[in-house]
Amino acid sequence: MKPFSMPPPKLAGGPYVMGVLNVTPDSFSDGGAWEGAAAPHALAMLQAGADIIDIGGESTRPGAAPVDASEEAARVVPVIAALRASTDAPISIDTMKPQVAMAAMSAGASIWNDVAALQAPGALETAAALQRPVILMHMQGEPRTMQANPHYDDVVAEVIAFLRARVEVVRTKGVSDIWVDPGIGFGKTLAHNLSLLNATQRIADETGVPVLIGASRKRFLAVIDERAKDAAKDRLGGSIAAALIAAQKGAGMVRVHDVAETVQALKVWRALG
């Protein structure tokens, strides 16, 4: 595999914009929407200003059923290969499974985005072998049960402690390009999510690595505005607001579904100085 280094963000001063591409039938936001059109949709997001395309083949929504590695790889590898044939833009693989990460990298992915923070058996060893950037996310519990009754004594301190520990472990494997993600919506209440969003700069400072925030279309936005409870696409305004706040609070990257609208909002923010 060729060495990889992240190009600068398209938006001067950042943040990076990561476009979400779900190739799953059961994603909370757009499950099945891009069947047969995944690569063209990814290219459209890049043209709209995305820096990175994040491709996932297993839903991590609350209550989602697990998918075995062979099925997940079969969903993502052809899309990654097709996209890589058309662009040099960074592609991240959103997976908890080291086998899928390895297959994705062989097909042309550049970044491993892991909601389990490389805790699966063999994940650390695979990351060491790949020597590619990794994104380590915090999640309380696992996708099927994470929203049952999330509890923290101090959500910000506990999430930071977990992420800092994972960064240290990953560094022992020789991986130096590390990002963290506090896991908005992953085993968190509305209050937890808002506290973490507000603490973005603290998370970066205390973990010593840049922070990705992924709040796009998530259910906590519908708790704030109940008119957005029926369809994930109704949360556009809240998603843009969350991305802007994340950038203002120090996020180095925002993970979004609605790339063009988010990029436009970020450009206005940057223009204001």
Side-chain angles (χ1 to χ4, degrees), residues 1-9 16 18 20-21 23 51-58 60 66-81 83-84 88-143 158-183 186 203-214 251-253 255:
M1 296 181 189
K2 295 180 180 179
F4 173 78
S5 59
M6 193 88 81
Y16 287 98
M18 173 183 277
V20 179
L21 180 60
V23 288
D51 296 284
I52 302 157
I53 301 298
D54 188 45
I55 299 178
E58 179 180 31
T60 51
V67 176
D68 66 45
S70 59
E71 166 114 10
E72 187 178 344
R75 292 174 179 177
V76 299
V77 165
V79 177
I80 293 169
L83 186 57
R84 178 53 69 225
D88 293 328
I91 300 169
S92 66
I93 175 63
D94 179 0
T95 184
M96 296 179 278
K97 301 181 182 69
Q99 311 97 301
V100 176
M102 184 66 77
M105 297 294 176
S106 296
S110 314
I111 302 162
W112 185 356
N113 181 16
D114 185 1
V115 300
L118 301 183
Q119 294 183 94
L124 286 171
E125 293 74 16
T126 300
L130 290 170
Q131 287 298 309
R132 295 296 179 86
V134 296
I135 302 169
L136 311 173
M137 197 194 79
H138 174 276
M139 172 171 54
Q140 188 177 85
E142 49 88 23
E158 290 172 44
V159 168
I160 288 173
F162 170 83
L163 293 173
R164 188 165 53 206
R166 294 310 297 164
V167 168
E168 290 173 1
V169 168
V170 172
R171 279 182 174 153
T172 67
K173 297 300 182 179
V175 179
S176 58
D177 196 343
I178 303 171
W179 291 67
V180 294
D181 176 350
F186 282 77
I203 296 167
D205 292 342
E206 296 190 23
T207 61
V209 298
V211 175
L212 177 151
I213 294 292
M253 188 183 304
R255 182 179 183 273

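If you're wondering where the values come from, they're calculated on a predicted model, not measured in any experiment. Values reported hereafter were calculated over all heavy atoms of this structure, with side chains retained and with hydrogens, waters and symmetry mates removed.
- The NZ atom of K173 sits 5.0 Å away from atom CD of E125, with the distance rounded to the nearest 0.5 Å.
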- Message: Evaluate D51 against M18 for side-chain contact (heavy atoms from CB on, under 4.5 Å), listing each step before the verdict.
- Response: CA-CA 6 Å; D51 296 284; M18 173 183 277; over 6 Å; no
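- Residues F186 and T60 are in side-chain contact: their nearest non-hydrogen atoms beyond the backbone lie under 4.5 Å apart.
- Residues V180 and L212 are not in side-chain contact: their nearest non-hydrogen atoms beyond the backbone lie 4.5 Å or more apart.
- Residues I93 and N113 fail the side-chain proximity criterion, which asks for heavy atoms closer than 4.5 Å.
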- Query: Which is it for I135 and W112 under the side-chain contact (heavy atoms from CB on, under 4.5 Å) test, yes or no, and what are the steps along the way?
  - Reply: CA-CA 6 Å; I135 302 169; W112 185 356; over 6 Å; no
- Query: Yes or no on side-chain contact (heavy atoms from CB on, under 4.5 Å) for M253 and M6, after CA distance, side-chain angles and deciding distance?
  - Reply: CA-CA 12 Å; M253 188 183 304; M6 193 88 81; 4.2 Å; yes
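- Between R255 and D54 there is a salt bridge, since a side-chain N of the basic residue sits under 4.0 Å from a carboxylate O of the acidic one.
- Nearest heavy atoms, V175 versus A127: CG2-O, 3.6 Å.
- Between P78 and A73, the shortest heavy-atom distance links the atoms CD-O, 4.0 Å.
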- Can you check side-chain contact (heavy atoms from CB on, under 4.5 Å) on V134 and D114, steps first, answer last? CA-CA 7 Å; V134 296; D114 185 1; over 6 Å; no
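- Interatomic distance, R171 CZ to R166 CZ, rounded to the nearest 0.5 Å: 13.5 Å.
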- Should T95 and E58 be marked as a side-chain hydrogen bond (donor to acceptor under 3.5 Å, both in side chains) after you check the CA-CA gap, both sets of side-chain angles, and the distance that decides it? CA-CA 7 Å; T95 184; E58 179 180 31; 5.5 Å; no
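- Atom CE of M96 and atom CE of M137 lie 9.0 Å apart (nearest 0.5 Å).
- The backbone N or O of A165 sits nowhere less than 3.5 Å from a side-chain atom of E168 that would complete a donor-acceptor pair.
- Side-chain contact between S92 and S110: absent, with no pair of heavy atoms (C-beta onward) separated by less than 4.5 Å.
- Taking 4.5 Å as the limit, every side-chain heavy atom of I111 sits out of range of all side-chain heavy atoms of I91.
- For the pair K97 (side chain) and A123 (backbone), a donor-acceptor distance under 3.5 Å is absent.
- The two residues L21 and I53 come nearest to each other via the heavy atoms CB-CG2, 4.0 Å.
- You'll find the side chain of P182 reaches within 4.5 Å of the side chain of I213, heavy atoms only.
- In this structure the side chain of Y16 never reaches within 4.5 angstrom of the side chain of P210, judged on heavy atoms.
- Contact annotation: the side chain of D94 never approaches that of I55 to less than 4.5 Å [non-hydrogen atoms, C-beta and beyond].
- Atom CG of L163 and atom CD of E158 lie 12.0 Å apart (nearest 0.5 Å).
- Contact between D181 and G214 at its shortest, heavy atoms only, is OD1-N, 4.5 Å.
- When all heavy atoms of S70 and D68 are compared, the closest pair comes out as OG-OD1, 2.8 Å.
- Between I160 and T207 the shortest heavy-atom distance is O-CG2, 4.2 Å.
- Interatomic distance, L118 CG to T126 OG1, rounded to the nearest 0.5 Å: 9.0 Å.
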